[in-house]
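One structure is given below, encoded as structure tokens.
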Amino acid sequence: MGGTFDPIHNGHLVAASEVAAALNLDEVLFVPTGQPWQKDGVTPTSDRYLMTEIATAANPRFKVSTIDIDRSGPTYTVDTLRDLKAAYPDAELFFITGADAVTAIAGWKDSEELWGLAQFVAVTRPGHQLDLPAAPEGAIQVLEIPALAISSTDIRERVSEGKPIWYLVPDGIVQFIAKHGLYGGVK
């Protein structure tokens, strides 16, 4: 499961847990982006990595990888999947992403190669209509997860406005954000 995780929130965790259960995955590898090519002004990599470690620590099926953080330059999904394929040559890879991201795949770097590197799992809330991009038959699996209207953008805005984020993110993330004064919050 790749993402900026700025910050990681309960929606990410529920999606990962639901996909792991539905597809009987051995583990879910969370891969925080290093330098996201489509976003500017993200929180430092070290903070996003630590928040991802804190948020996933309690689930034995969840692991965090620094594969994108360790690579210099902009982070592209195709590079991530190539590196994971090389690191786990015998594994069947699934790329878990949100419905909004999967609709934009055609604009990603080397998008045609992506389909051969992993099975894509687009998570969506119940009842949401999804316009899938052109892809080979069976390349994208859609999985509805319990509706959680949580976004990292909203969490950052709430912190900057002094609003609570309890129960939108794990307790440790609330404390990490406060301790480090992230997103315009008070230290």
Side-chain angles (χ1 to χ4, degrees), residues 1-33 36 38-39 42 48-49 51-65 67-68 75 77 80-81 84 88 91-108 111 114-115 117-159 163-174 176-177:
M1 183 168 197
T4 309
F5 302 128
D6 192 17
I8 191 166
H9 55 69
N10 288 337
H12 295 127
L13 301 171
V14 169
S17 179
E18 290 291 315
V19 171
L23 301 180
N24 197 29
L25 302 181
D26 295 328
E27 68 180 24
V28 176
L29 193 62
F30 286 77
V31 184
T33 58
Q38 77 282 29
K39 295 181 182 179
V42 296
R48 292 183 293 107
Y49 168 75
M51 286 189 284
T52 306
E53 281 284 358
I54 291 165
T56 60
N59 189 325
R61 268 185 156 167
F62 291 173
K63 307 243 182 308
V64 181
S65 170
I67 202 162
D68 278 351
T75 301
T77 300
T80 305
L81 292 176
L84 288 172
Y88 303 97
E92 182 179 5
L93 298 180
F94 294 83
F95 187 81
I96 305 166
T97 188
D100 54 341
V102 81
T103 60
I105 285 178
W108 293 4
S111 60
L114 294 171
W115 312 122
L117 295 171
Q119 166 76 43
F120 279 71
V121 182
V123 294
T124 185
R125 61 189 178 279
H128 179 73
Q129 281 297 99
L130 183 60
D131 294 322
L132 294 175
E137 180 78 25
I140 303 172
Q141 183 172 350
V142 178
L143 184 64
E144 289 186 353
I145 61 165
L148 288 174
I150 303 172
S151 77
S152 296
T153 301
D154 181 50
I155 291 166
R156 290 190 304 271
E157 288 173 5
R158 292 179 68 82
V159 171
K163 294 179 180 176
I165 59 170
W166 290 102
Y167 313 112
L168 298 175
V169 298
D171 294 351
I173 302 308
V174 175
F176 187 93
I177 290 169

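Here the structure is a predicted model, which is why all the values come from computation and not from measurement.
Checked by atom type and distance alone, the side chain of Ser17 never pairs as donor or acceptor with a backbone atom of Leu13 at under 3.5 Å. No side-chain donor-acceptor contact under 3.5 Å links Ser111 to the backbone of Gly107. Between the side chain of Thr4 and the backbone N or O of Asp6 there is no donor-acceptor pair closer than 3.5 Å. Using modelled atom types, one side-chain atom of Ser152 and one backbone atom of Pro7 make a donor-acceptor pair closer than 3.5 Å.
In terms of heavy atoms, Pro60 sits closest to Ala58 at CD-O, 3.4 Å. Closest heavy-atom contact between Ile8 and Val169: O-CG1, 3.6 Å. Of all the heavy atoms in Arg61 and Asn24, the pair that sits closest is NH2-OD1, 3.8 Å. The nearest pair of heavy atoms linking Gly11 to Ile150 is N-CD1, 4.0 Å. Considering all non-hydrogen atoms of both residues, Met51 and Phe5 come closest at CE-O, 4.4 Å.
Within the 4.5 Å cutoff, the side chain of His12 has no heavy atoms near those of the Thr52 side chain.
Thr75 is linked by a side-chain hydrogen bond (donor to acceptor under 3.5 Å, both in side chains) to nothing, counting only residues two or more places apart in sequence or in another chain. With sequence neighbours left out, Ala135 forms a side chain to side chain contact (heavy atoms under 4.5 Å, CB included) with Trp115, Ala139, Ile140. Legend: residues meeting side chain to side chain contact (heavy atoms under 4.5 Å, CB included) with Ala91, ordered by chain and number and at least two apart, are Tyr88, Leu93.
Of the inter-residue distances, the one linking Thr56 atom OG1 with Phe30 atom CZ reads 6.0 Å to the nearest 0.5 angstrom.
The local environment of NZ in Lys63 is crowded, with over 12 non-hydrogen atoms from other residues, nucleotides or ligands closer than 6.0 Å.
Taking the six-membered ring where tryptophan is involved, the planes of Phe95 and Phe120 are tilted, since the angle between them lies from 30° to 60°.
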